[in-house]
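These numbers come from a predicted model, not from an experiment. Numbering starts at 1 and runs along the sequence shown.
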Amino acid sequence: TDFKRLFGEQCTLCGERLLTWLVAPSGEVYCRKHEGDPPCHGCGRLVGGKKGGVDLNDGRVSCPQCALSAVETLAEASEWYGKVRSFLTSRGVARLPEASEVHLQLCERSTLLSRNSMHLSHAHHAHKCPIGLTSAEELSTVQSGSARLLERRRVIGSVSLLKGLPSQLCAATIAHELGHVYMHLGGFDMSLPPALAEGVCELFAYLWLTAGSGKGGGGGG
C-alpha cells in the first residue's frame, strides 16, 4: 500500500494510485476500470471521472481539451480553410479554389452520415461516420442532335466537414479534402482505387500536421 501511494502511477481520470494500468496513445495512464469509458471523438482520450467530457448530443463525446478549440461555425471553418489552402499553395499545390468556390459546409453528424451513405468511396464506408467528404463530378456537354462530345469539365459540388471537431483535427481534415479537390480538378484518374486516393490525401494532412500547423499555419487544439 505504501509503495503504491509513493510510487504508483496516477490515473488521469480519477487520480487513484495504481500498480497496474492502461496507457493511451497520448501517454496518459488509466485505471483498468475505465477501459469501457467513451473515448473523445477528437483525440481518443478516455472521458470520465473527474475529467468528464462534453456530450455533443449526437453520440459523440469531447474531452475538455478538444472542446476548447471545437470549430462550431462556418466562419471558423472558412478561416482554417484559408490557412491550410495558403500553406499548401506555398508548397507548390497549385490552383486550389477558395472556400466559397468549393461550397464549404459545416455539417451535423446526421447530415454527414446521410451523405456518406450515398458516397461512392468504399474507403469512406469503412467508417461509421467520416469527418469530411468531398462531392465531385465530371460534366459532359454533347452537341444537340448528335453524340459528339463538345466539352468535359470537372467540378466540386461541396466540401463537407463534421461540426465540433477540435481545430487542428478540422484543419487536417481540410488538408485531406483539399487533396481530393486537387486530384479531381487536376485530372487524376477518377477510377483510382479508393484506398490509394485516400492514402494520397492523407499525405496532404500529414504535411499540414508536421509542417503547416506549427509554422504559421495556426495554433490551438
Are any non-hydrogen side-chain atoms of [X] and [Y] less than 4.5 angstrom apart?
{"X": "Tyr81", "Y": "Val102", "value": "yes"}
{"X": "Trp208", "Y": "His176", "value": "no"}
{"X": "Cys43", "Y": "Cys63", "value": "yes"}
{"X": "Leu185", "Y": "Pro97", "value": "yes"}

Kindly compute the distance separating [atom1] ([X]) from [atom2] ([Y]), expressed to the nearest 0.5 Å.
{"X": "Leu133", "Y": "Thr111", "atom1": "CG", "atom2": "OG1", "value": "11.5 Å"}
{"X": "Leu106", "Y": "Leu165", "atom1": "CG", "atom2": "CG", "value": "8.0 Å"}
{"X": "Gln168", "Y": "Thr173", "atom1": "CD", "atom2": "OG1", "value": "10.5 Å"}
{"X": "Cys170", "Y": "Glu76", "atom1": "SG", "atom2": "CD", "value": "8.5 Å"}
{"X": "Thr134", "Y": "Met183", "atom1": "OG1", "atom2": "CE", "value": "9.5 Å"}
{"X": "Glu177", "Y": "Cys201", "atom1": "CD", "atom2": "SG", "value": "7.0 Å"}

- Message: Using the rule given for side-chain contact (heavy atoms from CB on, under 4.5 Å), can you reason through Phe87 versus Leu207, listing the C-alpha separation, both sets of side-chain angles and the distance that settles it, and then say yes or no?
- Response: CA-CA 10 Å; Phe87 168 73; Leu207 184 61; 3.8 Å; yes
Write down the atom of [X], the atom of [Y], and the distance for their closest heavy-atom approach.
{"X": "Leu112", "Y": "Ile131", "result": "CD2-C, 3.9 Å"}
{"X": "Ala67", "Y": "Ser62", "result": "N-OG, 3.2 Å"}
{"X": "His41", "Y": "Pro166", "result": "CE1-CD, 4.1 Å"}
{"X": "Arg60", "Y": "Leu162", "result": "NH1-CD2, 3.3 Å"}
{"X": "Ile156", "Y": "Ala136", "result": "CD1-CB, 3.9 Å"}

- Message: Under the rule for side chain to side chain contact (heavy atoms under 4.5 Å, CB included), what residues qualify as partners of Gln105, not counting sequence neighbours?
- Response: Cys107, Arg115, Ser158, Ser160
- Task: For Glu79, check side chain to side chain contact (heavy atoms under 4.5 Å, CB included) against everything at least two apart and list the hits.
- Result: Lys83
- Query: Stepwise, does the side-chain contact (heavy atoms from CB on, under 4.5 Å) test hold for Arg153 with Val155?
  - Reply: CA-CA 7 Å; Arg153 61 192 180 94; Val155 297; 3.4 Å; yes
- Task: Could you go through the salt bridge (Lys or Arg N to Asp or Glu O under 4.0 Å) check for Arg85 and Glu98 one step at a time?
- Result: CA-CA 8 Å; Arg85 177 183 177 273; Glu98 300 280 356; 3.5 Å; yes
- Cluster question for you: counting only ILVMFWY and a side-chain heavy-atom cut-off of under 4.5 Å, with indirect links fine, are Leu96 and Phe188 together? yes
- Item | Leu88, Val84, Ile174 screened by side-chain contact (heavy atoms from CB on, under 4.5 Å) with Phe204, the one that passes | Leu88
- Are any side-chain N or O atoms of Ser78 and backbone N or O atoms of Leu74, one a donor and one an acceptor, separated by less than 3.5 Å? yes
- Glu202 side-chain N/O to Glu198 backbone N/O, donor-acceptor pair under 3.5 Å: no
- Message: Just by distance, no angles: are the side chains of His184 and Glu137 close enough, under 3.5 Å, to form a donor-acceptor pair?
- Response: no
- Listed partners of Glu108 passing salt bridge (charged side-chain N to carboxylate O under 4.0 Å, His left out), at least two apart: Lys163
